[in-house]
Amino acid sequence: MEEQLQAILAETESALATVEARSQLDQIKASILGGNGKLTALMKGIASVPKEERPAFGQAVNKTKKQIENLLAQTAASLDNAEDAAALGKTADVTLPPSGNYVGGLHPLTQVKRRITLIFRQIGFTVAEATEVETEWFCFDALNTPEDHPARDEQDTLYFPKESRFGNVSKKSDEAYVLRTHTSSVQIRTMLKEKPPIRVIAPGRCFRRDTVDATHSANFHQVEGLYVDKKVTIRDLKAVLDHLLRELFGKEVKTRLRPSFFPFTEPSFEVDLFSSNLGRLSNKWIEIMGCGMVDPKVFDNVGIDPEEWSGFAFGLGIERVAMMLHGIDDIRHFYQNDLRFLSQF
Amino acid sequence: MKVSIEWLKDYVEVDASTEELVDVFPMLGMEVEGVEGGGPADMEKVVVGEVLTRNPHPEADRLSVCTVNVGEGQPEASIVCGASNFQPGDRVPVALPGAKLPGGFKIKKSKLRGVTSEGMMCSAKELNLGDDHEGLLVLAHRPDVGIPIKEAFADSDVTFDLELTANRGDCLSHLGVARELAAHHGREIQFPELKSDAPTVSEPSIDNLLSKVSIESENCKLYLAWTIKGLKIGPSPEWMKRRLEAVGLRPINNVVDATNYVLMETGNPLHAFDAKKIGGNEIRIRNATEGETIQTLDEVDRKLDESMMVIADAEKPLVVAGVMGSVDAEVDENTTDIVLEAAWFSPGNIRATARKLNLSTDSSYRFARDVDPQLSRYSARRAIDLILETAGGELVPEEIKVGDPPRGDRTIEIAPNFVRSTCGYEVTDEQLADAWGRLGFTIEKGEQWKVLVPSFRAEVDRPIDLVEEFVRIHGTSEIPEARVVCEAVSRHDAAQFTFSEKSVDALVGLGFRECCNYSLRDGKEIEVWADQATVDALTLANPLTAEHTHLRASLLPGLLETLAHNQRNHNDLRRVFESGRVLRAGPKGTTELQSIAFAILTKPIAREWDTELAPDFHEAKLIANRLLEATGIIMPKGGLRSLEDSSAWQQGHAASAGDVHQNRVELTVGFCKLSLSRDKGVNGPVLACELLVDPVMLRQKVKPVKFRAFGSFPPALKDLALVVDENVPAEDVRLAVETAALQAADKQFVVDPVTIFDVFEGKGLGEGKKSVACAIRFRSDERTLEDKDVNAAFDETQRILAETTDYALRS
């Protein structure tokens with residue numbers, strides 16, 4: 001009996017060793033475990049076994065059956081494996097570059113813009129937008145810039161012809177259209193549209209009538225900020241800008257507010273930065289941005305009561321920050337889009 | 001503006017070092033653009049030496065061998081020198097062995113063409129004292145031999161080049177700057193004492209050289225005229241010349257120099273006329289007549305207009321008021337009698353005139369920034385003192401005065417608490433009084449303080465201006481550090497910003513690199529990418545260059561240039577995009593749009609081990625679809641349609657959807673016209689896409705999506721192949737099938753969107769035909785559909801198609 005079982009097991013083993021396809025496996029399975037299979041036939045012989053030996057007989061047959069089933073399953077698994085391996089073809093050389101190795105990337109100006117916006121998000125600022133085409137009123141008059149201010153000169157500002165008509169740039173009266181020279185115009189549009197408290201930043205493209213060279217660009221980017229609330233103070237202004245500059249340039253930087261002049265803020269300051277970690281700009285005061293308390297005349301111009309509300313505004317150049325952060329010496333790199341430049345950031 | 005420290009010391013005590021002043025001026029609001037003079041930095045082993053002998057070098061024509069005395073008790077040094085601008089007896093800086101010059105150059109004992117040199121005699125450049133490197137710095141003031149070089153310059157003047165903000169016209173003089181330093185240090189300011197004086201008259205007396213002075217222009221509010229007889233023109237004294245030169249002025253003669261000196265001293269421009277050249281002995285301050293001409297002192301003939309003011313005699317203009325005099329009334333070597341003018345002109349008028357004439361002078365610069373009319377009389381008297389001192393002559397004892405100073409001192413009422421609430425930190429009454437007091441403001445305390453601001457501070461006229469002055473003088477370093485504490489504001493980012501950020505992220509994720517191109521373009525290019533109306537609408541009134549005459553109408557030309565640039569440079573950059581604003585002419589005027597555009601160079605830059613299939617139209621369309629999905633923009637109705645007759649896109653290989661003026665969204669995708677990308681210098685076809693969005697659309701509030709339940713029963717699939725003309729768009733066929741299926745289902749059950757699974761052209765279909773095979777999926781939310789329902793609906797679908805289209809069923 002035991003010999004017969006061993007013989008069947010051995011026969012199965014040797015038969016499985018040569019199996020190459022699932023059909024062969026099925027045949028072997030049928031010849032052993034099928035209705036007329038050898039093990040099945042042996043099982044049927046239980047009737048002729050004496051009663052007291054039957055449990056032992058049954059156990060022995062079942063044990064062998066388990067063994068055979070395991071063998072069959074193993075063979076089936078290795079057949080599957082072989083099929084899967086063949087299905088994907090030759091193994092890959094994982095060190096080869098993929099064809100058309102397109103890795104996308106953000107322009108460094110976008111990266112810096114996002115850093116700045118994220119820093120301001122921490123302290124509750126959201127983004128405001130307005131058009132790049134502006135009118136003289138929004139770009140200058142509303143910002144308390146006098147009629148004969150040099151910034152309004154045709155030497156410095158790009159104008160559209162008097163007869164121009166823009167569908168989605170509203171005018172105050174019949175003033176000329178210009179390309180905005182700063183993002184400060186977004187302050188005006190925001191204050192006219194929204195009620196205080198206001199806490200916005202406005203990243204955007206600006207234009208000057210400049211000849212392009214290493215430090216000048218006909219268009220460039222600024223981030224404007226505006227904070228209007230009750231009882232906003234110079235101390236708050238300093239706190240917010242210190243927060244920005246320390247987040248941007250590191251906790252160890254020193255800052256100073258240097259008295260300056262802008263028509264739309266009073267008092268006005270330039271913000272200087274002192275860092276030991278800015279390459280060739282290290283260890284000296286570097287001008288980084290302008291700021292100040294919103295001039296009461298600007299509030300008057302947008303219908304906000306300066307007796308009730310106060311605020312501050314600031315603006316900084318994205319190119320300038322990017323150049324300082326990364327040690328870039330020529331502003332034209334940003335607009336040439338050479339991969340050797342873009343892929344560094 | 002240049003200021004001389006030595007000159008400043010006439011008016012205020014300055015004991016701060018140059019290094020300290022470099023920090024003081026900026027914190028007062030005056031940026032330091034440059035510092036000159038003051039001698040070299042402290043350098044060891046660089047001393048004053050005296051050349052004793054100078055002999056030719058035996059081996060080199062251009063060199064000489066000198067013996068130099070470098071100090072008592074020191075051996076004479078033998079030095080080889082290449083310069084030729086010196087003589088024995090001259091004193092020069094000598095760098096001895098061991099010295100280290102600016103820039104790190106170390107001096108050693110060495111041999112030059114066989115002769116030993118024990119040091120080096122230095123040029124100004126070598127000591128970082130200027131750009132002169134042609135010859136030695138001969139020390140004309142003969143400092144003591146052997147002293148360190150820094151000491152040799154101990155008394156030398158230092159000039160600061162200060163950049164002033166537009167509001168601080170009062171600082172455009174030495175007295176003005178001195179006032180600021182005095183305020184900073186809490187010191188007194190000393191005005192030079194005046195000697196000459198005369199009573200004021202409104203009409204000249206018979207003894208005066210002038211018979212009449214009249215103001216006929218509203219842009220002159222005050223005019224003072226003084227006359228001096230019998231003076232002698234000659235050179236100015238050395239001290240005056242030196243000071244004028246220090247601040248960048250060229251000495252001319254004693255009279256002109258005196259007026260310039262006072263200009264730089266008080267900031268009030270003065271003008272001296274040769275009295276004999278004043279026709280009719282009459283001065284008229286009037287507007288120019290249209291087309292009137294004048295030859296200004298720079299010998300340029302200038303045409304004037306009615307907006308410009310002149311100082312004229314009875315016949316002709318003598319001066320462009322506040323800007324520049326003419327050759328006609330110039331003080332020259334023969335002048336003996338002069339008329340001296342001090343005046344106040346409207347700042348705006350002078351600025352406009354200077355700009356129109358493109359002529360900015362020291363005088364116009366100051367008048368344009370509002371000179372102090374209360375200082376006009378002082379300035380004139382000061383100049384008279386100087387003229388009498390340097391040119392002699394006799395003052396006609398009367399001041400002719402026409403008009404009145406337009407402004408004087410004024411009182412601002414302010415509550416100290418206003419300062420505190422603006423500053424946000426502790427400010428005591430004493431600190432306030434101190435800061436304003438130091439500026440020369442007078443304070444009358446009370447509930448409201450009355451602060452009297454002198455006339456020279458024209459721009460300080462509101463309480464907030466007083467706050468600024470306090471913060472400036474008290475010092476911004478006193479503003480304490482603070483943490484940012486802020487309440488939440490219920491506000492979201494502008495929708496346009498969010499859209500742009502999402503689109504940028506989507507394309508970066510799809511392997512595109514972001515680019516940034518200039519907004520200003522050439523008009524011819526706009527015509528290709530938009531239309532003639534847009535070309536006209538985007539023209540700038542005052543472009544700077546002929547290539548940058550228009551604003552951009554599309555981001556794609558810039559991207560093509562980016563591809564070309566990188567291809568030229570063998571940079572493997574084939575997928576680029578940009579997000580930005582463009583403009584298009586529309587029925588309601590030009591509209592500023594948000595654009596997102598990408599471009600794909602379909603040809604590899606370099607050889608690759610595994611050549612990919614060149615991207616085709618459908619790859620670009622797929623990316624466009626992903627972009628729409630990522631940004632939540634819905635494809636305009638009708639979907640993409642083949643683009644006909646485009647100047648920018650390749651016929652038959654490009655498509656567009658929507659119109660940005662009608663639908664607020666416009667999508668174009670496909671191959672750029674091959675000739676166009678070739679002209680831009682790109683080698684190989686370029687696939688591109690531009691999505692234009694009117695920001696108005698982005699502002700529309702989107703309602704939250706309402707969930708729709710769906711069933712769990714399996715669908716029934718039916719395929720249908722139709723034979724159509726080959727130029728029928730597949731989408732038309734698909735849409736027809738879908739419409740028919742929906743109609744056939746008659747809302748009894750659901751029809752999934754119909755999909756195309758095969759398009760075939762060729763054998764058995766007939767010439768000019770193609771087969772489009774569509775898959776239809778019928779479902780029910782309530783039950784498994786039975787064959788008879790499905791077959792009935794499918795039959796009905798085919799019947800409707802046969803009825804409504806001329807598409808044939810493929811057998």
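Per chain, numbering begins at 1; letters A, B, ... match sequence-line order.
Heavy atoms of A:Tyr227 lying under 4.5 Å from chain B belong exclusively to its side chain. Both the backbone and the side chain of B:Tyr518 come within contact range of chain A, judged by heavy atoms closer than 4.5 Å. Looking at A:Ser217, only its side chain comes within 4.5 Å of chain B, counting heavy atoms on both sides. Only the backbone of B:His492 comes within contact range of chain A, judged by heavy atoms closer than 4.5 Å. Heavy atoms closer than 4.5 Å to chain A are found nowhere in B:Pro604, neither backbone nor side chain. With a 4.5 Å cut-off on non-hydrogen atoms, A:Lys297 touches chain B through its backbone and its side chain both. For A:Pro97, the parts sitting under 4.5 Å from any heavy atom of chain B are the backbone and the side chain alike. Residue contact with chain A, scored on non-hydrogen atoms closer than 4.5 Å, involves the backbone and the side chain of B:Asp465 alike. Contact of B:Leu538 with chain A is made through the backbone alone, with heavy-atom distances under 4.5 Å. Contact annotation for A:Arg332: both backbone and side-chain heavy atoms come within less than 4.5 Å of a heavy atom of chain B. Proximity to chain B (any heavy atom under 4.5 Å) is restricted, for A:Leu179, to the side chain, taken from C-beta onward. With a 4.5 Å cut-off on non-hydrogen atoms, B:Ser519 touches chain A through its backbone and its side chain both. With a 4.5 angstrom heavy-atom cutoff, A:Tyr177 does not touch chain B via any of its atoms. Within the 4.5 angstrom heavy-atom criterion, only side-chain atoms of A:Val200, from C-beta onward, approach chain B. Using a 4.5 Å cut-off between heavy atoms, A:Phe262 makes no contact with chain B at all. B:Arg462 touches chain A through its side chain: at least one heavy atom from C-beta onward sits under 4.5 Å away, while N, CA, C and O do not. Contacts of A:Asp236 with chain B are absent, with no heavy-atom separation under 4.5 Å from either backbone or side chain. With a threshold of 4.5 angstrom between heavy atoms, B:Asn167 approaches chain A through its backbone and through its side chain. Looking at B:Ala482, the atoms closer than 4.5 Å to chain A (heavy atoms on both sides) sit in the backbone and in the side chain alike.
Enclosure of atom CD in A:Glu308 by more than 12 non-hydrogen atoms of other residues, nucleotides or ligands within 6.0 angstrom is indicated. More than 12 heavy atoms of other shown residues, nucleotides or ligands fall within 6.0 angstrom of atom CG in A:Leu96. Around NZ of A:Lys162, the count of heavy atoms belonging to other residues, nucleotides or ligands within 6.0 Å exceeds 12. Heavy atoms from other residues, nucleotides or ligands lying under 6.0 Å from CG of B:Asn417 number more than 12.
When each of B:Asp23, B:Leu28, B:Thr165, B:Asp493 is scored by its heavy-atom pairs under 4.5 Å with chain A, the top score falls to B:Asp493. Among the candidates B:Asn569, B:Leu520, B:Val576, B:Val471, the residue making the largest number of heavy-atom pairs closer than 4.5 Å to chain A is B:Asn569. Per-residue heavy-atom pair counts under 4.5 Å with chain B were compared for A:Arg209, A:Arg340, A:Glu194, and the maximum is reached by A:Arg209. Counting heavy-atom pairs under 4.5 Å between each of B:Asn542, B:Leu544, B:Thr545 and chain A puts B:Asn542 at the top. Among A:Arg121, A:His243, A:Glu132, the residue with the largest count of heavy-atom pairs under 4.5 Å with chain B is A:Glu132. The most heavy-atom pairs under 4.5 Å with chain A, out of B:Gln594, B:Glu487, B:His548, come from B:Glu487. Note: B:Pro480 leads B:Pro480, B:Gly348, B:Ala368, B:Gly586 in heavy-atom pairs under 4.5 Å with chain A. Considering only heavy-atom pairs separated by less than 4.5 Å from chain B, the leading option among A:Arg256, A:Glu270, A:Arg205 is A:Arg205. Chosen from B:Glu578, B:Gln496, B:Arg574, the residue pairing most often with chain A at heavy-atom distances under 4.5 Å is B:Arg574. When each of A:Ser310, A:Ala176, A:Ser164, A:Pro296 is scored by its heavy-atom pairs under 4.5 Å with chain B, the top score falls to A:Pro296. Put simply, of A:Asn337, A:Thr110, A:Asp210, the one with the most heavy-atom pairs under 4.5 Å next to chain B is A:Asn337. Your options are A:Pro306, A:Pro267, A:Ala218, A:Ser343, and the one with the most heavy-atom pairs under 4.5 Å with chain B is A:Pro267.
A 4.5 Å side-chain heavy-atom check between A:Glu129 and B:Leu698 finds every atom pair outside the cut-off.
A donor-acceptor contact shorter than 3.5 Å links the side chain of B:Arg491 to the backbone of A:Val127. B:Thr476 places a side-chain N or O within 3.5 Å of a backbone atom of A:Leu257 that can act as its donor or acceptor partner. Checking side-chain atoms of B:Glu514 against main-chain N and O of A:Leu106 turns up no donor-acceptor pair under 3.5 Å.
Here the NZ-SG distance, from A:Lys238 to B:Cys423, works out to 13.5 Å after rounding to the nearest 0.5 Å. A:Glu287 contributes atom CD, which lies 5.0 Å from atom CD of B:Glu31 (distance to the nearest 0.5 angstrom). For the atom pair OG1 of A:Thr233 and CZ of B:Arg420, the computed distance is 14.5 Å after rounding to the nearest 0.5 Å. In this structure, CZ in A:Phe261 is found 12.5 Å from CG in B:Leu164, a value given to the nearest 0.5 Å. In this structure, the separation between SG on B:Cys486 and CD on A:Gln122 is 10.5 Å, given to the nearest 0.5 Å. Note that CZ of B:Arg568 and CG of A:Asp338 are 10.0 Å apart. Values are rounded to the nearest 0.5 Å.
When all heavy atoms of A:Glu266 and B:Glu468 are compared, the pair lying nearest together is OE2-OE1, 2.6 Å. When all heavy atoms are compared, the tightest approach of A:Phe160 to B:Leu551 is CZ-CD2, 4.0 Å. Nearest heavy atoms, A:Tyr102 versus B:Gly511: CB-O, 3.4 Å. The two residues B:Glu592 and A:Val133 have their closest heavy-atom pair at OE1-N, 2.9 Å. The shortest heavy-atom contact between B:Val489 and A:Pro197 is CG1-O, 4.0 Å. Across all their heavy atoms, B:Cys515 and A:Leu342 have their closest contact at SG-CD1, 4.3 Å.
Taking a cutoff of 4.0 Å between a charged side-chain nitrogen and a carboxylate oxygen, A:Glu147 and B:Arg351 do not qualify as a salt bridge.
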Item checked: CA sep, side-chain torsions, deciding dist, call: B:Glu501, A:Thr117, side chain to side chain contact (heavy atoms under 4.5 Å, CB included) -> CA-CA 12 Å; B:Glu501 294 288 281; A:Thr117 27; 5.7 Å; no
Note to self: side chain to side chain contact (heavy atoms under 4.5 Å, CB included) for B:Cys516 and A:His221? Distances and angles first, verdict last.
What the structure shows: CA-CA 11 Å; B:Cys516 195; A:His221 298 80; 4.0 Å; yes
